[in-house]
Amino acid sequence: MKSNIVEPLPMDDDIIIIEHLYKSFGKVKALIDVSLRVKRGEVYFIFGPSGGGKSTLLRCINHLEAPDSGTIIVDGIPVTHAKTNIDLVRAEVGMVFQLFNLFPHLTVLGNVTLAQEKVRKRSKEEAERVAMELLERVGIPEKADAYPSQLSGGQKQRVAIARALAMNPKIMLFDEPTSALDAEMIKEVLDVMLDLAQEGMTMVVVSHEMGFAKAAADRMVFLDAGRIIEEAMPEELFKNPKEERTKQFLSQILY
Amino acid sequence: MAIPREVERPQPKLVPWTRKLEDVPWWGLIVLLAFLLIVYLIYTSATYQDAFRFLVVGVKLTILVTLISFSIAIVLGLTAGLGRVSKNIIFYTGASVYVEVVRGIPLLVQIIYFAYVVAPLLVQVTNSLGAFMLQYTAIQPLMGLAHTFANLHIQDVDVTARAIAGLAFGYGAYEAEVFRAGIQSIERGQMEAARSLGMGYFQAMRYIILPQAIRRVLPPLGNDFIAMLKDSSLISVLAVRELTHLGKLNRARTFRTFETWNTVAFLYLILTLSLSLLVKFMERRMAFEE
């Protein structure tokens with residue numbers, strides 16, 4: 001296995017550093033000169049209109065998308081560096097997807113233990129112990145032996161969160177975790193996320209849930225047409241957004 | 001005003017009785033009848049009985065050849081299928097050349113080509129290797145091996161083995177496409193979820209993508225197995241004593257063309273129909289599990 005022979009850069013409080021990030025899909029420019037910093041233990045909330053580049057930005061952080069240019073440093077490791085073993089970075093960065101992406105051929109327990117055993121090299125017993133603890137925490141230990149197809153959307157997403165947490169990640173990325181859920185299931189997922197935020201997990205959240213942002217976000221960033229329009233504390237951003245575009249967007253989504 | 005009383009009338013039959021006849025699996029009955037006829041003939045007619053006794057020996061080799069060839073074809077197909085979805089340019093190109101070339105050549109030609117071109121070529125290469133070893137090695141245990149290599153003759157290479165190689169190589173290309181389609185039918189999110197957990201590409205393939213893909217490709221694989229059982233008749237051109245070749249021999253022996261080929265066709269049908277029933281049964285069980 002390739003190790004990360006690149007010298008980790010001097011660490012400070014910023015666990016994610018993104019500088020001058022560009023990414024395009026064919027002619028469509030998804031990200032244009034995006035720079036941002038996420039502090040350790042912070043809940044960083046990204047919002048904006050569809051197609052604005054939110055998901056692309058998130059997916060660049062664990063290199064599911066390769067940016068065209070720019071630098072991304074995650075916990076001192078340059079993700080964008082060619083010699084970086086990306087698998088080692090990804091093991092430290094949990095990700096939760098809009099469509100859950102649970103493994104349908106494995107039980108809930110199998111979903112949560114697989115990567116622990118294969119990547120973290122934990123014993124079966126230990127992996128199962130960790131998995132059951134996490135399933136307890138997200139509130140569905142009784143579903144351990146169920147298959148994903150037997151779960152509701154909210155339960156699926158909670159399993160997906162447990163699956164990511166089982167790797168003991170330093171950062172959690174949430175890619176519109178509640179967008180595919182029925183209204184009455186959104187809360188159960190947000191509760192788990194809120195709980196996680198209060199425990200001090202570093203979280204980057206792409207979402208439209210402004211209620212969650214008000215309750216948990218430390219900083220919010222508004223992304224439109226591939227550019228960062230505005231970055232601010234939640235109370236400030238909700239009360240008096242500086243940019244006209246932000247005002248306009250907020251007035252459209254807030255009642 | 002009195003409300004007109006509803007007159008009780010017998011309900012008209014919504015489905016005419018002729019419609020029910022359409023539901024009867026007539027084709028099955030007809031096939032069954034033909035079966036019974038041949039079974040009856042084998043029991044009563046001495047000619048049929050003789051043909052049956054002579055031919056049924058070939059069934060064993062037909063099944064054996066199909067089983068071995070198909071197992072090899074699956075391994076080849078899985079490897080080439082992984083190549084077809086690989087981003088590694090060498091692996092991808094190699095797999096693509098194999099698939100495109102093999103699919104463009106008739107199976108019969110491939111079987112002949114393997115038996116009479118590839119096998120002799122390999123024997124020649126082995127001969128040269130043996131000669132080279134004889135010249136340069138002084139190590140005693142290697143000398144024996146070198147002698148075997150140098151004196152290997154094409155007659156020593158079993159013709160059945162050559163036939164199996166040809167069949168397997170030809171079918172491997174089709175199985176490669178089956179596996180490719182199966183792998184590509186798995187949603188992209190599965191690979192992304194696996195990779196996001198820190199699994200490498202091969203780990204993700206092994207534990208996440210392939211288990212799902214293989215479940216999806218089992219029905220087409222089953223169909224191909226049946227198809228190969230039928231195509232194994234092609235190796236009769238190499239005089240492998242499987243069912244079809246025995247058919248030729250029996251006709252030459254007895255001059256009973258009609259009875260011989262009736263029995264050959266009957267034996268193939270028994271094999272293929274029972275296999276396709278098995279495949280259907282498996283498919284139904286899989287569907288239930290999903």
Side-chain angles (χ1 to χ4, degrees), chain A residues 1-2 55 58-59 61-66 85-106 110-121 127 147-150 156-157 159-175 180, chain B residues 74 77-78 81-82 85-92 175 178-222 279 281-290:
Chain A
M1 206 180 196
K2 201 165 60 164
S55 285
L58 200 69
R59 290 158 60 83
I61 295 176
N62 66 351
H63 218 254
L64 285 181
E65 270 344 314
N85 181 354
I86 193 64
D87 292 339
L88 296 183
V89 180
R90 282 175 178 154
E92 308 293 334
V93 181
M95 186 161 197
V96 174
F97 299 86
Q98 181 177 357
L99 295 174
F100 329 125
N101 295 350
L102 291 183
F103 307 135
H105 61 301
L106 300 176
N111 266 276
V112 186
T113 53
L114 182 70
Q116 292 189 65
E117 289 175 40
K118 302 305 172 193
V119 180
R120 287 278 191 244
K121 309 289 180 200
Y147 281 88
S149 59
Q150 297 164 311
K156 281 182 194 170
Q157 197 60 298
V159 172
I161 293 173
R163 177 176 71 178
L165 288 177
M167 299 293 289
N168 301 106
K170 292 175 182 156
I171 303 166
M172 285 285 285
L173 308 177
F174 291 85
D175 189 2
Chain B
I74 284 201
L78 184 56
L82 284 170
V85 297
S86 169
K87 284 195 182 109
N88 180 320
I89 184 79
I90 297 169
F91 196 22
Y92 170 80
E175 303 327 309
V178 169
F179 280 112
R180 179 192 58 73
I183 290 167
Q184 286 177 340
S185 78
I186 304 300
E187 304 70 38
R188 232 180 93 198
Q190 291 289 309
M191 180 56 104
E192 289 183 348
R195 299 303 304 274
S196 80
L197 288 165
M199 282 190 227
Y201 178 82
F202 287 102
Q203 277 185 323
M205 267 290 167
R206 160 91 180 69
Y207 297 111
I208 304 302
I209 307 298
L210 283 181
Q212 298 181 57
I214 285 172
R215 188 175 287 199
R216 277 188 203 178
V217 301
L218 275 178
L221 285 185
V279 169
F281 172 76
M282 273 172 51
E283 262 176 62
R284 206 172 298 165
R285 258 191 57 172
M286 297 290 232
F288 186 69
E289 273 172 21
E290 276 200 23

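All values below were derived from every heavy atom in this structure, side-chain atoms included, with hydrogens, water molecules and symmetry-related copies excluded. Chain identifiers are assigned alphabetically (A, B, ...) following the order of the sequence lines, protein sequences preceding nucleic acid strands; residue numbering begins at 1 within each chain.
At a threshold of 4.5 Å between non-hydrogen side-chain atoms, the residues A/R59 and B/E192 count as touching. Contact of the B/L197 side chain with the A/Q116 side chain is not registered, since no non-hydrogen atoms from C-beta on lie closer than 4.5 Å.
When heavy atoms are compared at a cutoff of 4.5 Å, A/E117 does not approach chain B at all. Contact annotation for A/F103: both backbone and side-chain heavy atoms come within less than 4.5 Å of a heavy atom of chain B.
Of the possible donor and acceptor atoms, none in the side chain of A/H105 sits under 3.5 Å from a partner among the backbone N and O of B/R215.
Chain B forms the most heavy-atom pairs under 4.5 Å with one residue out of A/L114, A/V93, A/L173, and that residue is A/L114.
Closest heavy-atom contact between B/R195 and A/R90: O-CD, 3.0 Å. The minimum heavy-atom distance between B/S196 and A/N62, with the atom names listed, is CB-ND2, 3.8 Å.
Atoms CG and CD, from A/L99 and B/Q190 in turn, are 11.0 Å apart once rounded to the nearest 0.5 Å. Rounded to the nearest 0.5 Å, atoms NZ (A/K118) and CE (B/M199) are 9.0 Å apart.
Contacts between residues 160-168 of chain A and chain B, defined by a heavy-atom separation under 4.5 Å, are made by A/R163, A/A164, A/M167.
For B/Y92, the OH atom sits in a loose shell: 12 or fewer heavy atoms of surrounding residues, nucleotides or ligands are nearer than 6.0 Å.
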**side chain to side chain contact (heavy atoms under 4.5 Å, CB included) assessment of A/N101 paired with B/E187** = CA-CA 9 Å; A/N101 295 350; B/E187 304 70 38; over 6 Å; no

